[in-house]
Amino acid sequence: MATEVLPLEKSTIDSISPTGKSVITEYHVPCPDCGSSDALCRYADGHSYCFSCLAYTPPERDHGTTYTYEYLPWRGITADTFRYYDTKTKIEGHDGKPVSLGFPYPNGSYKVRTLDRKGFYSQGEITKAGLFGRNKFAASSHKTVTITEGELDALSLWQVIRSPVVSVHSSSSAQLDVGLDRSWVNSFERIVIAFDGDEAGREAAAKVAKLFDYNKVFVVRFPGGTRKDANDYLRAGERDELSTLWHNAKKFLPDTIVSSFPEFEKIIREKPQAGIPYPFPTLNFMTYGIRTGESVLITAQEGVGKTEVMHAIEHQLLKQTESNIGSIFLEEPKRRHLQAIAGIHLRRPAHLPDSGVTDAETFQAIQDVVRLDERLHIYSHFGSDDPEVILDTIRFLVSARGCRYILLDHITMVVSGLGGKDERTSLDYLSTRLEMMVKELDFALIIVSHVNDEGLTRGSRNISKIADIRVDLFREITHPDPDTRRTTRVVVSKNRFCGRTGPAGELLFDPVTYTLEEDLGYADTSQDHSGTTPVGSG
């Protein structure tokens, strides 16, 4: 294995290649297997090695050698098990020496393990392959699915429990691998994570667990040492012990309790993420901006303009951050949503037929605002009365797609078809679970709710109770004065972060540019907001 990496013109390596010493031709280059930006080295004899994921690509040295491919028993795993997972051993034709094992992934790529000295390399797009073995089991075909950290562990466990077992490509790519096949995994009632009993395995298991509702996630705790994974047990002839360990898998529990001074100090010294400013100065003064780990509830009666305020906030987040954003606008088609974002950027109503904005201009504006592909995730549903759909969608957007900000407009639409007591019960459940998820996954949730004539959130008072910050919007939509009709008053009625409540400015809608801006002539002499809006951690 590698002993030292020196500058390009001087360095050599004690390679795992049979050629021995080999001069580096490229170093600190991206690894196609784990995604590391600088951990891969390539050598003059054609082989490469990643110092992050340990992936090894052998040199081209076949020189006309012929090979056969067979299902052979190895490390306690039977030939029948290898056959079930279509994993063959490559054998040199002239002396019958096993060379490598090829693990086929559903997308046609292979992860190959060399047998003379432990090493790995891949063929095809392994980083987009998802889970090894997934194609062997239909979705929801059993009650339980098990995910291991390595392909040999998947074969070992399946041989013992005869229940669906799949594997990630590596611990470093585990969250991505599972995320690619998340819908398939989530179709099972019970998800068992059986990663290695070392620190890397435990950290990877915690990341994978976040992709799913914790109530259905269980963890096999391998003791480590000589029994750190499933194959270690099989090689030792301890099938019964492995079976018992799997059947005794415990519910996954995140690390929620801290009690030592070092833990307290670490928490205190963690630099909180700065709040992202709202596009409205007075609201910033009142709230210190938008922070992850908090929920913001925006309320108003119908027709006041809550969606336009949400569009303005969404545009601000896209412009002010590099973070991924999930947008769930349940009463707005995707085309209209994209036109709204483009219109704010162009300062013209891109959705109106007489605006003069072409589709090409709209698309270019979206590219200018969003900047990165697969950054803005737009979801809409019509007609679902199941809160679990929205809860699972948000968990997916945050955990699998890395969204730090979620906008939901509006919560009552999720259960609009239920009515009566069922609607209230579902909204109570949904709002409570959403707040728990905000704290668990540390994202910002900006959510809209209608209110009744008394100002209470429609369907459930719990929606208001769980929110960290509540912002109320008021507009006199039938007033004879046109300026009054297009002026929205903003009031902060709840503020757990800093306690500032009360009037928070007036927003003026411009029908020409179709944008909302704060009326800076609004007079609130009790505070000085003069361009020094405090935005940050407080």
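- One N or O on the side chain of Arg375 and one on the backbone of Leu318 form a donor-acceptor pair closer than 3.5 Å.
- No donor-acceptor pair under 3.5 Å is formed between the side chain of Gln159 and the backbone N or O of Ile77.
- A salt bridge links Asp442 with Arg404: the distance from a Lys NZ or Arg NE/NH1/NH2 to an Asp or Glu carboxylate oxygen falls below 4.0 Å.
- With a 4.5 Å cut-off on side-chain heavy atoms, Ser323 and Tyr405 count as touching.
- The aromatic rings of Phe137 and Trp184 are tilted relative to each other, their planes meeting at an angle between 30° and 60°.
- A side-chain donor from one of Thr432 and Asn462 sits under 3.5 Å from a side-chain acceptor of the other.
- To the nearest 0.5 Å, atoms CZ (Phe132) and OG1 (Thr148) are separated by 8.5 Å.
- Ion pairing between a basic and an acidic side chain is recognised when a charged N comes within 4.0 Å of a carboxylate O; Arg113 and Glu151 show no such pairing.
- A side-chain donor-acceptor contact under 3.5 Å links Asn495 to the backbone of Cys498.
- Taking a cutoff of 4.0 Å between a charged side-chain nitrogen and a carboxylate oxygen, Asp392 and Arg182 qualify as a salt bridge.
- You'll find the side chain of Leu157 stays beyond 4.5 Å of the side chain of Asp153, heavy atoms only.
- Under 3.5 Å, the side chains of Asp229 and Asn231 contain no donor-acceptor pair of N or O atoms.
- Using a cut-off of 4.0 Å between Lys/Arg side-chain N and Asp/Glu carboxylate O, Glu435 and Lys465 are scored as not salt-bridged.
- No side-chain heavy atom of Val491 sits less than 4.5 Å from a side-chain heavy atom of Arg470.
- Using a 4.5 Å heavy-atom cutoff, the side chains of Val492 and Phe285 are not in contact.
- A donor atom on one side chain and an acceptor atom on the other are not found under 3.5 Å apart for Tyr278 and Gln320.
- To the nearest 0.5 Å, atom OG of residue Ser464 and atom CG of residue Asp472 are 7.5 Å apart.
- Using modelled atom types, no side-chain atom of Lys306 and backbone atom of Val448 make a donor-acceptor pair closer than 3.5 Å.
- In this structure, Ile466 and Leu434 have side chains that are not in contact, with every pair of non-hydrogen atoms separated by 4.5 Å or more.
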*Decide yes or no on salt bridge (charged side-chain N to carboxylate O under 4.0 Å, His left out) for Glu238 and Arg227, but give the supporting numbers first.*
CA-CA 10 Å; Glu238 298 175 352; Arg227 301 290 188 276; 2.9 Å; yes
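- Residues Val369 and Lys319 have side chains in contact (heavy-atom distance under 4.5 Å, counting atoms from C-beta outward).
- With respect to Asp468 and Lys439, a salt bridge is recorded, a charged nitrogen being found less than 4.0 Å from a carboxylate O.
- For the atom pair Thr146 OG1 and Ile161 CD1, the distance stands at 4.0 Å (nearest 0.5 Å).
- Side-chain contact between Val166 and Tyr85 is absent, with no heavy atoms from C-beta onward closer than 4.5 Å.
- Counting heavy atoms from C-beta outward, Leu297 and Thr457 have side chains that approach closer than 4.5 Å.
- One finds no salt bridge joining Arg496 and Glu294 here, because no Lys/Arg side-chain nitrogen approaches an Asp/Glu carboxylate oxygen to under 4.0 Å.
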